[in-house]
Amino acid sequence: QVQLVESGGGAVQVGDSLRLSCTASGNTLDTYIMAWFRQAPGKDREFVAAINYSGRDRDYADFVKGRFAISRDNAKNTVFLQMSGLRPEDAAVYFCAAKRSMIGVTASADYTSWGQGTQVTVAS
C-alpha cells in the first residue's frame, strides 16, 4: 500500500488558478495509476482526472477539460493537479487516489489508496 498526502488547497476567487500536490510514501508511485477525485457537500465523490504510470496517458472529466491538467513526477513520488479558470462549482474536497490495475480509471471503488483530501473554495 502507498500512503498519500494532498496539499495546495485553499480559498480563491473565480477565474483564479491553484495547484494541488499529492505526495506518496511507503512505495514508489511509478507502478500506480494516479487520479484526482472531488466531493462537494451533499454530493457523491466524482472523478476529475487520471494519469498512467509514465504520465503519457491522461483522462479528464468533461467538466474540467481545457481547465485542469494532471501531471506526475515519479522521481519525487508526487502527482499534481493544475487548476485554472476556477468556478464556484469546482469548490470541493479534492482527493488523490492510487491503484495498480490499468483497467478503467473513473470508478472510485477501483482505487486502493486514498489521501485525506484538501479543501478548495471558490468565491464568486
Side-chain angles (χ1 to χ4, degrees):
Q1 287 283 42
V2 63
Q3 290 76 47
L4 305 173
V5 178
E6 303 95 335
S7 61
V12 297
Q13 301 290 319
V14 169
D16 282 354
S17 298
L18 206 58
R19 188 174 84 155
L20 306 183
S21 299
C22 172
T23 301
S25 61
N27 213 332
T28 56
L29 274 187
D30 57 0
T31 59
Y32 288 86
I33 300 292
M34 299 300 299
W36 288 94
F37 287 77
R38 71 185 187 186
Q39 188 167 20
K43 295 189 177 181
D44 293 334
R45 189 169 298 188
E46 62 182 358
F47 169 76
V48 175
I51 189 167
N52 76 334
Y53 311 110
S54 67
R56 184 170 299 177
D57 295 327
R58 306 170 193 194
D59 289 273
Y60 295 97
D62 287 343
F63 53 77
V64 302
K65 283 181 180 176
R67 298 189 300 124
F68 291 11
I70 188 171
S71 61
R72 66 190 299 161
D73 185 338
N74 287 338
K76 295 183 178 180
N77 255 15
T78 303
V79 177
F80 304 97
L81 185 68
Q82 179 67 48
M83 306 186 292
S84 60
L86 284 163
R87 305 167 180 169
E89 56 265 37
D90 294 319
V93 177
Y94 283 72
F95 297 91
C96 177
K99 70 185 184 87
R100 288 270 174 82
S101 172
M102 291 179 61
I103 301 174
V105 295
T106 63
S108 60
D110 292 339
Y111 288 81
T112 55
S113 298
W114 290 85
Q116 83 290 348
T118 185
Q119 178 74 52
V120 172
T121 303
V122 184
S124 58

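The analysis underlying the following values was restricted to heavy atoms, covering all of them including side chains, and did not include hydrogens, waters or symmetry mates.
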Visitor: Between Tyr60 and Ala50 (side chain of the first, backbone of the second, donor and acceptor by atom type, cut-off under 3.5 Å), is there such a pair?
Guide: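 No: the side chain of Tyr60 does not pair with the backbone of Ala50.
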Visitor: Under a 3.5 Å distance rule, please check whether Asn52 uses its side chain to pair with a backbone N or O of Arg56 as donor and acceptor.
Guide: yes
Visitor: Strictly by modelled atom types, are Arg100 and Thr112 linked by a side-chain donor-acceptor pair under 3.5 Å?
Guide: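 There is no such pair (donor and acceptor under 3.5 Å, judged by atom type) between the side chains of Arg100 and Thr112.
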Visitor: Nearest 0.5 angstrom please: Asp73 CG to Phe80 CZ, how far?
Guide: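 Here the interatomic distance stands at 6.0 Å.
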Visitor: Within the structure provided, determine whether Leu29 and Arg72 are in side-chain contact (heavy-atom separation under 4.5 Å).
Guide: yes
Visitor: Tell me the closest heavy-atom pair linking Val93 and Gln119, and the distance in Å.
Guide: CG2-OE1, 3.2 Å
Visitor: Under the 3.5 angstrom rule, does the side chain of Tyr111 hit a backbone N or O of Val105 as a donor-acceptor pair?
Guide: yes
Visitor: With side chains defined as the heavy atoms from C-beta onward, is the minimum distance between Ser17 and Met83 less than 4.5 Å?
Guide: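 No, their side chains stay 4.5 Å or more apart.
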Visitor: Could you tell me the separation between the CE atom of Met34 and the OG atom of Ser113, rounded to the nearest 0.5 Å?
Guide: 8.0 Å
Visitor: I want to check something: taking the side chain as every heavy atom from C-beta on, are Gln116 and Val5 in contact at a cut-off of under 4.5 Å?
Guide: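 With C-beta onward as the side chain, the pair touches.
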Visitor: Has the side chain of Glu6 got a donor or acceptor atom that lies under 3.5 Å from a matching backbone atom of Cys22?
Guide: no
Visitor: Taking all heavy atoms of Lys43 and all of Gln39, pick out the closest pair and write down the distance.
Guide: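 Minimum heavy-atom contact is O-NE2, 3.1 Å.
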Visitor: Hydrophobic clusters here meaning ILVMFWY residues chained together by side-chain heavy-atom distances under 4.5 Å, can you tell me if Phe47 and Ile33 are in one?
Guide: yes
Visitor: Check whether any side-chain heavy atom of Tyr53 sits under 4.5 Å from a side-chain heavy atom of Asp30, and report yes or no.
Guide: no
Visitor: Do Val120 and Phe95 share a hydrophobic cluster (ILVMFWY, side-chain heavy atoms under 4.5 Å, transitive)?
Guide: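 Per the 4.5 Å side-chain linkage, Val120 and Phe95 are not co-clustered.
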Visitor: Would you say Leu20 ends up clustered with Val14 if hydrophobic residues are merged whenever their side chains have heavy atoms under 4.5 Å apart, either directly or through other cluster members?
Guide: yes
Visitor: In Å and rounded to the nearest 0.5 Å, what is the CG to CD distance from Asn77 to Gln3?
Guide: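 With rounding to 0.5 Å, CG (Asn77) is 11.0 Å from CD (Gln3).
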Visitor: Rounded to the nearest 0.5 Å, what's the gap from CG on Leu81 to CH2 on Trp36? Could you check?
Guide: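 Answer for the CG-CH2 pair, Leu81 versus Trp36, is 6.0 Å.
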Visitor: Count I, L, V, M, F, W, Y as connected when their side-chain heavy atoms are under 4.5 Å apart, and connections chain through other members. Are Val79 and Leu4 then in the same cluster?
Guide: yes
Visitor: Looking at side-chain heavy atoms only, is the closest gap between Leu18 and Leu86 below 4.5 Å?
Guide: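 Yes, side chains in contact.
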Visitor: How long is the gap from CG on Asp16 to OG on Ser84, to the nearest 0.5 Å?
Guide: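 Atom-to-atom, Asp16:CG and Ser84:OG are 10.5 Å apart.
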Visitor: Do the charged groups of Asp62 and Lys65 touch, with an N to O distance under 4.0 Å?
Guide: yes
Visitor: When you measure from the side chain of Arg58 to the backbone of Ala69, do you find a donor-acceptor pair of N or O atoms at a distance under 3.5 Å?
Guide: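 A pair under 3.5 Å: no.
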Visitor: Classify the ring geometry of Trp114 against Phe37: parallel below 30°, tilted from 30° to 60°, perpendicular beyond 60°.
Guide: tilted
Visitor: State, yes or no, whether a side-chain contact exists between Phe68 and Asp90 at a heavy-atom distance under 4.5 Å.
Guide: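 In contact.
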Visitor: Using a 3.5 Å distance criterion without hydrogens, assess whether the side chain of Lys76 forms a donor-acceptor pair with backbone atoms of Thr78.
Guide: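 Absent.
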Visitor: Applying a strict under-4.5 Å side-chain criterion to I, L, V, M, F, W and Y, I'd like to know whether Phe63 and Tyr94 cluster together.
Guide: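 Yes, because Phe63 and Tyr94 connect within a single hydrophobic cluster, where side-chain heavy atoms sit under 4.5 Å apart.
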Visitor: Can you check whether Arg38's main-chain N or O pairs, donor with acceptor, with Glu46's side chain at less than 3.5 Å?
Guide: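 Here the side-chain-to-backbone pair does not exist.
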